[in-house]
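All values derive from a computational prediction rather than experimental measurement.
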Amino acid sequence: MISLFRLSAAAAILVSVSAAAPAPSEKLTTDQLISNLSTAINNLKTLRCTVRAKERIGNSYQQAHTVMKMAFNPYKVYLRNQKGVEVLWVTGQNNGDAMVYPNSFPYVTLNLDPLGSLMRKNQHHSALDAGYGTIAEMLHGSKQRLDHSFEKTFRYDGDTTIAGRPAYILRASYPQFRYVAYKTTKPETVTAISDKFGCGEYRILERNELSAGATVPAGRTLQVPNAYGRRIVMCIDQKMMLPLVVQVHDDKGLYEKFEFSDVIPNQPIPAAEFTKDFKGYKF
């Protein structure tokens with residue numbers, strides 16, 4: 001329904017830029033960088049940003065440009081992409097459904113499950129993962145994940161500049177990335193399985209021809225990635241300590257790229273901006 005991320009051409013030159021980046025400062029260690037990044041994400045109270053994404057869907061790529069507003073504790077999110085599609089989801093409201101204005105015929109607002117197949121079609125992430133929702137799990141893994149060897153491969157790898165802003169480079173390299181067989185011993189949701197492997201839900205759904213929100217019956221064998229990616233590069237704003245670029249490769253090549261711009265963290269967002277009647281919304 002709405003794709004949440006896209007990477008601009010500026011971020012596409014990340015590899016060549018970072019290759020020439022200076023050596024890492026002796027004053028900053030990998031552990032300090034990861035700790036500072038995690039703290040900045042965990043301490044977010046509000047976030048405004050614009051996100052450009054490029055996501056691999058099947059054998060092609062889907063691109064989108066999305067404006068986001070988020071408040072946390074409780075979670076509220078408003079999204080509008082370049083096609084004029086709008087999404088509003090607020091904890092405890094609308095029976096758990098998102099309000100979606102499709103900006104196409106019949107031009108009426110729909111109430112849709114944010115984790116259901118319609119809203120998850122042709123996109124890697126749900127509206128509930130908007131912003132930096134998956135990055136902390138990439139760095140630390142979920143509590144259900146038993147093998148943390150992937151998370152241990154992140155390394156601070158120098159500095160670069162993204163859209164004029166100094167940034168730290170954080171890389172992960174995991175050549176062991178592959179799909180492994182996983183047989184369920186009891187009914188399990190795809191979400192629960194992805195938490196065990198730290199791989200995200202999308203590739204499990206795609207590889208095993210499952211629908212979003214599916215529960216896998218006991219005794220079925222799935223093909224599941226053993227980590228989130230083979231190579232990951234993050235560029236982290238040195239002042240805000242929040243990601244400006246995230247780039248993920250897997251066994252097929254580029255899996256997804258995100259670029260965050262116009263990032264404004266922790267400035268109050270009026271409650272009215274998370275209501276369907278806010279000026280300019282079309283719900």
Should [X] and [Y] count as side-chain neighbours, where that means a heavy-atom distance under 4.5 Å?
X    : Y    : answer
Q223 : V180 : no
T109 : V100 : no
I169 : Y156 : no
Y182 : T221 : no
I236 : L244 : no
V87  : M99  : no
L170 : D157 : no
P225 : F177 : yes

Single-linkage hydrophobic cluster [X]~[Y], side-chain heavy atoms < 4.5 angstrom:
X    : Y    : answer
L88  : L112 : no
I264 : V51  : no
V190 : L118 : no
F105 : Y101 : yes

Are E188 and K196 close enough for a salt bridge, meaning some N to O gap below 4.0 Å? yes
Would you call D250 and R203 a salt bridge, using N to O less than 4.0 angstrom? yes
Show your reasoning for whether side chain to side chain donor-acceptor pair (under 3.5 Å) applies to Q176 and S149. CA-CA 10 Å; Q176 305 95 312; S149 57; 5.4 Å; no
Locate the shortest heavy-atom distance separating [X] from [Y]; write the atom from each residue and the value.
X    : Y    : value
D113 : L115 : OD1-N, 2.9 Å
D159 : Q238 : CG-NE2, 3.6 Å
L242 : L37  : CA-CD1, 4.4 Å
P114 : G96  : CD-O, 3.4 Å

Check whether [X] reaches the backbone of [Y] with its side chain - one donor and one acceptor, N or O, closer than 3.5 Å.
X    : Y    : result
Y132 : P243 : yes
Q62  : N122 : yes
T29  : Q32  : yes
Q82  : H65  : yes
N226 : R178 : yes
T66  : R80  : no
S211 : A214 : no
T39  : S35  : yes
R230 : A227 : no
R56  : S60  : no

Go through the steps for K257 and E55 under the test salt bridge (Lys or Arg N to Asp or Glu O under 4.0 Å), then give the verdict. CA-CA 7 Å; K257 298 180 181 179; E55 298 178 318; over 6 Å; no
Is Y61 isolated, or which residues cluster with it under the ILVMFWY side-chain rule of less than 4.5 Å, directly or via members? L254
Are there over 12 heavy-atom neighbours, none belonging to N95, within less than 6.0 Å of that residue's CG? no
Quick one: sort the Y228 and H125 rings into parallel, tilted or perpendicular, breaks at 30° and 60°. parallel
Plane angle bin for Y202 and Y255 - parallel if under 30°, tilted between 30 and 60°, otherwise perpendicular: tilted
Six-ring centre of Y179, R207 cation under 6.0 angstrom, axis tolerance 45°: yes
Are F154 and F150, when compared by the centres of their aromatic rings, separated by less than 6.0 Å? yes
What do the steps show when you test L222 against I193 for side-chain contact (heavy atoms from CB on, under 4.5 Å), and what is the final call? CA-CA 10 Å; L222 303 178; I193 296 170; 3.7 Å; yes
Validation: residues 67-79 side-chain donor-acceptor distances under 3.5 Å, sequence neighbours left out:
from: K69; atom 1: NZ; to: E273; atom 2: OE1; distance (Å): 2.7
from: K69; atom 1: NZ; to: Y281; atom 2: OH; distance (Å): 3.0
from: Y75; atom 1: OH; to: A127; atom 2: O; distance (Å): 3.1
from: Y78; atom 1: OH; to: E86; atom 2: OE1; distance (Å): 2.4

